[in-house]
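Beneath this line is the structure, given in structure tokens, with notes to follow.
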Protein chains: 2
Amino acid sequence: MSESSQAKPRSSPKRELLLDTAFRLFYAHGYHAVGIDTILAEAGVAKMTLYNHFKSKDELIVAALERRSSEISDDKLKALAKVSSEPLSQIEALFDWMDVWFRMPDFNGCAFLKAIAEYTDDDSPINQTVKKHKAASIASLIDLCQELDVPDPKNLAQQIFLLLEGSIIQAHTFGNADAAKLGKNAATTLIQAAKASPS
Amino acid sequence: MSESSQAKPRSSPKRELLLDTAFRLFYAHGYHAVGIDTILAEAGVAKMTLYNHFKSKDELIVAALERRSSEISDDKLKALAKVSSEPLSQIEALFDWMDVWFRMPDFNGCAFLKAIAEYTDDDSPINQTVKKHKAASIASLIDLCQELDVPDPKNLAQQIFLLLEGSIIQAHTFGNADAAKLGKNAATTLIQAAKASPS
DNA sequence: GCAAATATATACAGATCTGTCTATTTTGAA
DNA sequence: TTCAAAATAGACAGATCTGTATATATTTGC
């Protein structure tokens, strides 16, 4: 066994194709509802190739979610970089980012919330992957709120987080893409009120 | 065939037992994850009894959700009847109701949001049952906000709805029962701001 | 061009799923 | 008590699911 014979490449064309296809189908139809064979047929990949890259379906789901989490982070960062670095503008840009998302033709709610709905065991890797993603989302929101001149930035951030998540639910349940604007207006109201409150 | 040989009783002990057991298991573990046989074993009921009352698993899910929707409506009405009929108190009581819910040992998120996450087809009976339930929830919130002296009660109601749904997500994802209080505070802020705005 | 890694097709095991069928037993009301 | 409705047990069909085994083919680096 030479030194170059590593275990698995963490990135390969087939692996990427599988992750893309798996995420798309899981997102559109649900995790239990989509079987391995469906993914393989759609991707045009052999079953053993999948099981060579991933130990199990659950591991494929985790990998697909982690990939999606990175995509979202990168996409958000790019969107926030386009607007003023003032915290208020940054927070507003978060809602604008969601507005764009809600209007995408394949928008179908939040893949992470759907995953935690299907995998209820608190200790399962899928469940933990979801919590990690959402925790990171809150953390960056807290960072933004701490740049605001408000007495309790963490509290404000958590309130705004409710609006963000509520917007996703509203947009998904009723196909109401305007939920982002609704949340944005509410968030600015909360921020204004927090700024006006005594520190 | 005599006149008394009706089709199905819309209410019978076995039927109620099946609906209770089914909802509890679906809610705890997910809809696809729980099989018919598991429900039957838990309820101690024969398979043909289930299929005598319900045409299919999907129909059982719809019936369980509709039953749960009624339970929630009744429970909310009772809770709201206990506080002042002033709209502000009523809205606050909604968040207090959620606070109690979040602290129940078997709280596991919203059964309706979980259902729509698993059954993505817009036209499916399950999906429509969820939308009907959530639409009723918004409608009653709009009614409350219309009693408030604010320029755009419907807009305010929808913003508060984001907070309500966001609270459920937050409480479920992180086991944070304080999400209800968080939402309540944000809601009162929004209401105060709306009242202060020019009509 | 050679060798090792990667991917393929295909079959299959074993479990699980929904829903049906049948024959028997229990229940409840007249 | 009688008789029909309701529930039962259990087998079973047919589909689907995850994951494995095997043997062959293709790609890729050296």
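No hydrogens, no waters, no symmetry mates; every other heavy atom, side chains included, goes into these values. The sequence lines fix the lettering, A, B, ..., with proteins before strands; numbering per chain opens at 1. Every value quoted in this text rests on a predicted model; they were computed, and no experiment measured them.
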Test A:F26 against every option in A:K57, A:E118, A:K114 by the side-chain contact (heavy atoms from CB on, under 4.5 Å) rule and name the one that passes.
-> A:K57
Name all residues meeting the side chain to side chain contact (heavy atoms under 4.5 Å, CB included) criterion together with A:T188; count only those two or more places apart in sequence or in a different chain, and write none if there are none.
-> A:E92
Roughly how far, to the nearest 0.5 Å, is CG of B:L182 from CG of A:L156?
-> 10.0 Å
Can A:D178 and A:R103 be counted as an ion pair, charged N to O under 4.0 angstrom?
-> yes
Please determine if a side-chain N or O atom of A:T49 lies less than 4.0 Å away from the OP1 or OP2 oxygen of C:dT8.
-> yes
Find which nucleotide of DNA chain D each of A:S56 and B:A46 is nearest to by heavy atoms, and output the residue with the more 5' nucleotide.
-> B:A46
Find the distance between CD1 (A:I116) and CD1 (A:I126) and round it off to the nearest 0.5 Å.
-> 11.0 Å
Per atom distances to the A:I36 side chain, the nearest of C:dA7, C:dT8, D:dT18 is D:dT18
Can you list the residues that meet the ring-ring contact (aromatic ring centres under 6.0 Å, His included) rule with A:F23, with sequence neighbours excluded?
-> A:Y27
If each end axis of the helix from C:dG1-D:dC30 to C:dA30-D:dT1 is fitted on five C1' pair positions, the angle between them, to 10 degrees, is 30°
For nucleotides 20-30 of chain C, 5' to 3', base contacts (B), sugar-phosphate-only contacts (S) and non-contacts (-) with protein non-hydrogen atoms under 4.0 Å give BBB--------
At what distance, to the nearest 0.5 angstrom, does CG of A:L65 lie from NE2 of A:H133?
-> 9.0 Å
Roughly how many Å is it from CG in A:L40 to C1' in D:dT18, rounded to a whole number?
-> 11 Å
Can you check the B:E59 CD to C:dG19 C1' distance for me, whole Å?
-> 13 Å
Hey, what do you get for CG (A:N127) to CZ (A:F112), rounding to the nearest 0.5 Å?
-> 13.0 Å
Over how many whole Å does the gap from A:H53 atom NE2 to D:dG19 atom P extend?
-> 16 Å
OP1 or OP2 of D:dT18 less than 4.0 angstrom from a side-chain nitrogen or oxygen of A:K57, does that happen here?
-> yes
Using whole Å, report how far NZ of A:K14 lies from P of D:dT28.
-> 10 Å
Scan the side chains in residues 72-84 of chain B for donor-acceptor partners under 3.5 Å anywhere in the protein, sequence neighbours excluded, and list what turns up.
unit_1	atom_1	unit_2	atom_2	d
B:S73	OG	B:S69	O	3.1
B:D75	OD2	B:W97	NE1	2.9
B:S84	OG	B:E86	N	3.0

Full working for side-chain contact (heavy atoms from CB on, under 4.5 Å) between B:L40 and B:L18 = CA-CA 8 Å; B:L40 295 174; B:L18 282 171; 4.2 Å; yes
Would you kindly give the CG-to-C1' distance between A:D37 and D:dC17, to the nearest whole Å?
-> 8 Å
Between C:dA5 atom C1' and A:R15 atom CZ, what is the distance in whole Å?
-> 17 Å
Rounded to whole Å, the CG-P distance (B:L17 to D:dA6) equals 17 Å
Salt-bridge criterion met for B:D122 and B:K131 (N-O under 4.0 Å) | yes
Would you please test B:N185 and B:K181 for side chain to side chain donor-acceptor pair (under 3.5 Å) and show each step?
-> CA-CA 6 Å; B:N185 289 338; B:K181 188 134 283 179; over 6 Å; no
Nucleotide D:dA9, atom P - distance to CG of B:N52 in whole Å = 15 Å
Check DNA chain D against residues 24-33 of chain A and give the residues with a non-hydrogen atom under 4.0 Å, in numerical order.
-> none
